[in-house]
S.K.: 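Got a structure here, written out as structure tokens. Questions coming.
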Amino acid sequence: MPSPAVSPERAPLRRMEPLANHTTMRIGGPAEFFYEPQRPEDLAALLTRLEAEGVPARLLGGGANTLAPDGGVPGAVIHTGTLRRIFREGERLRAWPGVTLPQLVRTALDAGLGGMDRLVGVPGQVGGALAMNAGSAAWGIWDEVEEISVWEPGGVVRRMLPAEVGPVYRDGRLRGRVVLEALFRLRPEDPAALKARQDEFLRRKNATQPVTLSSAGCAFKNPPGDSAGRLVDAAGLKGARLGGAEISSVHANFIVNRGGGERPSASAADVRGLVEMAEAAVEEKFGVRLERELVIWPEPLRPLSP
Ligand code: EPU
């Protein structure tokens with residue numbers, strides 16, 4: 001491999017960084033080269049350089065929807081976590097990709113702007129949330145986007161409108177593009193009403209989802225007109241365990257890591273096993289093929305030693 005260890009961009013590099021420290025499931029072996037770009041232009045320059053050098057690169061935001069492999073990731077993982085600036089421009093918020101969703105929701109609330117309320121209690125960062133169109137069953141973050149700035153394979157940086165990108169339910173359709181910045185257009189609202197609505201979303205979430213355990217959110221997309229959680233539940237898999245992983249007994253579309261304290265952590269293999277078990281059971285019982293929402297990075301041919 002060429003020389004990915006040399007980083008002319010403002011993007012500090014760590015070698016063999018444990019991905020378990022950067023995913024909400026607390027699972028994942030080491031990343032061979034782990035970069036943290038400081039500004040959007042450093043992210044773009046780094047992507048262009050790694051592409052030219054032929055170094056495979058994966059993007060990691062809040063790690064809230066990613067299952068990182070036990071054996072680690074050869075090549076580069078680019079973490080957007082330090083790209084955390086957010087700017088208010090009247091009724092708009094301009095956010096860098098590492099702005100966390102709680103930070104985005106809080107900034108909108110403080111500014112008396114509505115639109116982001118359904119993201120209350122959702123982990124993750126703006127870049128990852130746009131890549132997968134995070135949100136609820138009937139709403140996604142793309143619904144509030146006016147424009148984004150992206151890096152494209154080949155090294156082009158350009159602005160795009162939502163209609164050009166064409167996001168759909170739980171898929172931002174970025175197709176290899178990387179978000180450098182997003183402009184959200186929100187609506188002024190009475191802050192007290194906004195706060196009350198957020199509190200209600202949070203109350204419902206806390207009542208129906210395993211919010212106190214490590215998970216990566218919903219493992220499957222909802223099939224049209226149905227709920228993946230309902231189907232996995234009806235297939236009898238609530239509470240099913242493999243190693244340290246469990247199909248949540250609170251909400252069957254969540255796979256939780258029961259490890260921590262005295263208990264050993266779940267492995268990525270445990271989680272993949274439960275994903276496959278749920279897919280097979282739902283297909284067999286109901287003839288429905290579940291589509292994964294959880295992004296499962298492949299295991300390397302040879303595990304990297306931490
Ligand atoms: N249900 C069951 N058993 C379960 C879980 C759910 O029978 O174990 C039933 C519920 O009783 C309800 C129906 O399934 O009748 C739908 O469940 P819920 O209201 O919890 O919503 P969901 O469709 O499972 C969606 C999003 C969540 C989002 C919530 C609330 C998807 C795949 N999931 O869940 O998003 O938080 O609505 O807005 O679209 C995520 O994408 O990671 C995620 C957590």
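Worth knowing before you read on, the calculation uses all heavy atoms, side chains too, and leaves out hydrogens, waters and symmetry mates. Just follow the structure's listing: the first ligand is 1, and inside any ligand the first atom is 1.
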S.K.: Ignoring hydrogens and geometry, is there a side-chain-to-backbone donor-acceptor pair from Q209 to V250 under 3.5 Å?
M.R.: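 No, Q209 side chain to V250 backbone: no donor-acceptor pair under 3.5 Å.
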S.K.: Find the distance between OG1 (T80) and NE2 (H22) and round it off to the nearest 0.5 Å.
M.R.: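 T80 OG1 to H22 NE2: 11.5 Å, rounded to 0.5 Å.
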S.K.: Do the numbers put R58 on top of the ring of W297, so that NZ or CZ is under 6.0 Å from the six-membered ring centre and no more than 45° off the axis?
M.R.: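 So R58 does make the cation-pi contact.
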S.K.: Between E144 and R185, is the closest basic N to carboxylate O distance under 4.0 Å?
M.R.: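 Looking at E144 together with R185, the answer is no, because their closest N to O distance does not fall below 4.0 Å.
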S.K.: Could you state the interatomic distance from CG (L93) to CD1 (I86), rounded to the nearest 0.5 Å?
M.R.: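 The CG atom of L93 sits 5.0 Å away from the CD1 atom of I86.
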S.K.: Under 3.5 Å, side-chain donor or acceptor atoms of residues 262-271 against the rest of the protein: list the pairs with distances, not counting sequence neighbours.
M.R.:
{"from": "R263", "atom 1": "NE", "to": "R258", "atom 2": "O", "distance (Å)": "2.9"}
{"from": "S265", "atom 1": "OG", "to": "N257", "atom 2": "ND2", "distance (Å)": "3.0"}
{"from": "S267", "atom 1": "OG", "to": "A269", "atom 2": "N", "distance (Å)": "3.4"}
{"from": "S267", "atom 1": "OG", "to": "D270", "atom 2": "N", "distance (Å)": "3.0"}
{"from": "S267", "atom 1": "OG", "to": "D270", "atom 2": "OD1", "distance (Å)": "3.3"}
{"from": "S267", "atom 1": "OG", "to": "D270", "atom 2": "OD2", "distance (Å)": "3.3"}
{"from": "D270", "atom 1": "OD2", "to": "G244", "atom 2": "N", "distance (Å)": "3.2"}
{"from": "D270", "atom 1": "OD2", "to": "S267", "atom 2": "N", "distance (Å)": "2.9"}

S.K.: Non-hydrogen atoms closer than 4.0 Å to ligand 1: which protein residues do they belong to? List them by chain and number, please.
M.R.: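 For ligand 1, the residues that come within the 4.0 Å heavy-atom cutoff are G135, S136, A137, Y169, R170, K205, Q209, G217, C218, F220, N222, S227, G229, R230, D233, K238, H251, A252, N253, F254, E293.
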